[in-house]
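Read the structure below first, then the notes.
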Amino acid sequence: MDSIRIQGRIALQGKVRIQGSKNASLPVLAATILTGDVSVIRNCPRIADVHSMVSLLKSLGCSVHWQEKGLVIDSSQVRRDEMPEDAVTGMRSSLCLLGALIGRCREVIMEHPGGCVIGERPIDLHLSALKQMGVEFTEKGNKLMARVSGLHGTKICLPFPSVGATENIVLAGVMADGDTILEGAALEPEISALCRYLCCCGACIEGQGTGRLVIHGGRKLRGTEYTVPADRIVAGTYLFGCIGVGGCVLLEQAPGKEMAAVLNTAEQMGGHVYCTPEGIYVQAPIRPAPIRIVTKPYPGFPTDLQSVALAVETMGRGCSRIDEAIFENRFRILEDLDKMGADTCQKDSHSVLIRGVEMLHGASVCAKELRGGAALVVAGLMAEGETVVSGCSYIYRGYENICRDFRELGARVVSV
Ligand code: UD1
């Protein structure tokens, strides 16, 4: 089931429920290690990255199982074992286990984490912040060894609001002696989601949702029940999907408040968007108006939705420009879009011009990373004829069931 077959040109209608957030659930799952107790994580998406995180937690001695009410994790028996190499290198979010294990065990040996191939993705900001908290690192080949005897709070200034580094500082900070004052923290809603979980467990973190977090360390944590918020990136994928394909849909439970930049772009494309307590209603324009996007840290336009916006604009009413300011290798879908009849021109590793064409046509294309793969599915829905997207294991890392969701909206799409 590594491919998705799509018959395009069917306008989307109806409603679809938005799954729990990948980027919120993975750090929360890592954080369960800190409690040494039982946590129940509700609305956790059943995606490949969550399954990988579950394997990692089990390899560390946690007992983990799915129940109807959610994922139940007992971290009372955590060991300091080395984690399976595949699970660490296959998923960037394994990096949050660094902060969590330093907090719990004071010692970690892990591979350099992987994730989608979208640029170099260094971890210098993580290492430098943790060093300031007393952690010593040694690197041997691809292996990273961390050890700390006196984990202590301190003042840390991040030169760039890295999401992953902020998460690691929070995870280590709640277990450190004293206060950690973090200036330049990432503002992404997934950071607040992690802080909310930790505070439910007994931690004290001030300044949530701002660039200055004060983490009061050293409190005893306990397990809790927690509900993962809806996935703003999945909601954005389906929202732009509707604008590209046409139609009118309700994205149930979509977190409209966290999607201001995305909704603004959708309106610039000519979509009508209404946020209600039920979710987001979207009505597509006849053909999208051209746009100019620059990806930015939250609350700017998310890098994770750049590819799908790009796919939509291949059939826009004019010339669009997209600048990718976060990662340097995030236009890997251009070749496949051009194969479908798109007219794109990459100026450099950070910017692309898109001249809208009247119609895309179906083709055999190949997903090379998670969000780019989802964008190819959207392009297939927009195109005349049949599109087959191979390499879909990337897509299943982040989307529970993209075929089922688009079928709920009337699309003809199956995994094969
Ligand atoms: C990034 C996105 C996040 C998205 C996730 C998954 C931003 C700011 N972050 O988070 O919204 O959900 O990808 O696709 O949009 N960097 C360093 N050194 C470090 C860490 C990061 O130079 O130690 C650089 C990266 O190379 C990159 C930028 O900072 O250019 C963003 O990194 P960061 O926010 O840490 O990335 P993720 O946590 O993966």
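Atoms within a ligand are numbered from 1 in the order they appear, just like the ligands themselves. Every heavy atom of this structure was used, including side-chain atoms; hydrogens, water molecules and symmetry mates were not. Residues: numbered from 1 along the sequence shown.
Checked by distance only, ligand 1 and Val163 come closer than 3.5 Å through their nitrogen or oxygen atoms. For ligand 1, the polar-atom distance check against Asn23 finds a nitrogen or oxygen pair separated by under 3.5 Å. Considering backbone and side-chain atoms together, Pro122 places an N or O closer than 3.5 Å to an N or O of ligand 1. Remark: ligand 1 and Ile326 share an N or O pair separated by less than 3.5 Å (distance only, no angle test). No N or O atom of Arg232 sits closer than 3.5 Å to an N or O atom of ligand 1. Polar contact with ligand 1: present for Asp124 (N/O pair, distance under 3.5 Å). For ligand 1, the polar-atom distance check against Gly164 finds a nitrogen or oxygen pair separated by under 3.5 Å.
Ligand 1 is never approached by Pro302 to a heavy-atom distance shorter than 4.0 Å.
Here Glu167 has no heavy atoms under 4.0 Å from ligand 1, in either its backbone or its side chain. Looking at Leu125 against ligand 1, both its backbone and its side chain come within 4.0 Å, counting heavy atoms. Within the 4.0 Å heavy-atom criterion, the part of Phe327 lying near ligand 1 is the side chain and not the backbone.
Between the OG1 atom of Thr344 and the CG atom of Leu353 there is a distance of 9.0 Å, given to the nearest 0.5 Å. Interatomic distance, His126 NE2 to Leu98 CG, rounded to the nearest 0.5 Å: 8.5 Å. For the atom pair CG (Leu101) and CZ (Arg106), the distance works out to 11.5 Å, reported to the nearest 0.5 Å. Atoms CG and CD1, from Leu130 and Ile123 in turn, are 9.5 Å apart once rounded to the nearest 0.5 Å. The structure places NZ of Lys347 at 9.0 Å from CG of Asp323, a figure rounded to the nearest 0.5 Å.
For atom 4 (C) of ligand 1, the nearest non-hydrogen atom from the set Leu26, Asp304, Thr303, Ile123 comes from Asp304. Among Phe160, Tyr298, Phe301, the residue whose heavy atom lies closest to atom 28 (C) of ligand 1 is Phe160.
Relative ring orientation between Tyr226 and Tyr197 is described as perpendicular, the plane-to-plane angle rising above 60° on a 0-90° scale split at 30° and 60°.
Atom CZ of Arg317 sits in a crowded spot, with more than 12 heavy atoms from other residues, nucleotides or ligands closer than 6.0 Å.
Using a 4.0 Å cut-off between charged side-chain N and carboxylate O, Lys368 and Asp336 make a salt bridge.
For the pair Asp348 (side chain) and His350 (backbone), a donor-acceptor distance under 3.5 Å is present.
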